[in-house]
Trainee: 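So that we are looking at the same thing, I have put the structure below in structure tokens.
On a predicted model such as this, the values are computed, not experimentally measured, just so you know.
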Amino acid sequence: MSEARDPLEILWDAILSREPKQIRAAFVPLNADERKQLITHLKRMVGEEGWHPEQRKSARVALDTLKNEEHS
């Protein structure tokens, strides 16, 4: 029997997938506050020390993909 995956884990897997289509699909259903929180967190991942280089790279791809979606 397999365990159901946590929706938050599914969201972050898509956001950090480096696949623009998956990133947008995960972002669009979020409300304005959730979008703002997600963008803020991605910016922290890119700008703060302590994140793995691959996490930073994934966060940068997500930010670049979402830059036109942020205020939609």
Trainee: Distance from Lys43 atom NZ to Leu38 atom CG, nearest 0.5 Å?
Mentor: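 These two atoms lie 11.0 Å from each other.
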Trainee: Which ring-ring contact (aromatic ring centres under 6.0 Å, His included) pairs, counting each pair once, include a residue from residues 32-51, with sequence neighbours left out?
Mentor: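 For residues 32-51, and leaving out neighbouring residues, the ring-ring contact (aromatic ring centres under 6.0 Å, His included) pairs sorted by first residue read Trp12-His41, His41-Trp51.
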Trainee: Could you tell me which non-hydrogen atom of Ala59 sits nearest to which non-hydrogen atom of Val46, and how far apart they are?
Mentor: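 Heavy-atom minimum between the residues: CB-CG2, 3.7 Å.
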Trainee: Quick one: does any side-chain atom of Glu48 pair with a main-chain N or O of Met45 as donor and acceptor, under 3.5 Å?
Mentor: no
Trainee: Measure the CD1-CZ distance between Ile15 and Arg24 for me, rounded to the nearest 0.5 Å.
Mentor: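 If we round to the nearest 0.5 Å, Ile15:CD1 and Arg24:CZ are 11.0 Å apart.
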Trainee: Under the side-chain hydrogen bond (donor to acceptor under 3.5 Å, both in side chains) rule, collect the residues that match up with Asp6, sequence neighbours excluded.
Mentor: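 With neighbours one apart ignored, the set is empty.
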Trainee: Measure the CD1-CZ distance between Ile39 and Phe27 for me, rounded to the nearest 0.5 Å.
Mentor: 4.5 Å
Trainee: The criterion is side chain to side chain contact (heavy atoms under 4.5 Å, CB included); which residues satisfy it with Asp13, sequence neighbours excluded?
Mentor: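 Applying side chain to side chain contact (heavy atoms under 4.5 Å, CB included) to Asp13 gives Arg5, Glu9.
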Trainee: From Thr65 OG1 over to Gln22 CD, what is the distance, rounded to the nearest 0.5 angstrom?
Mentor: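 Here the rounded value is 11.0 Å.
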Trainee: Please lay out, stage by stage, how Leu30 and Arg35 fare under the test side-chain contact (heavy atoms from CB on, under 4.5 Å).
Mentor: CA-CA 6 Å; Leu30 301 177; Arg35 288 179 177 197; 3.8 Å; yes
Trainee: So does Arg44 pair up with Glu49, basic N to acidic O under 4.0 Å?
Mentor: no
Trainee: For the atom pair NZ (Lys57) and CG (Leu16), what is the distance rounded to the nearest 0.5 Å?
Mentor: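 One gets 13.5 Å once the value is rounded to the nearest 0.5 Å.
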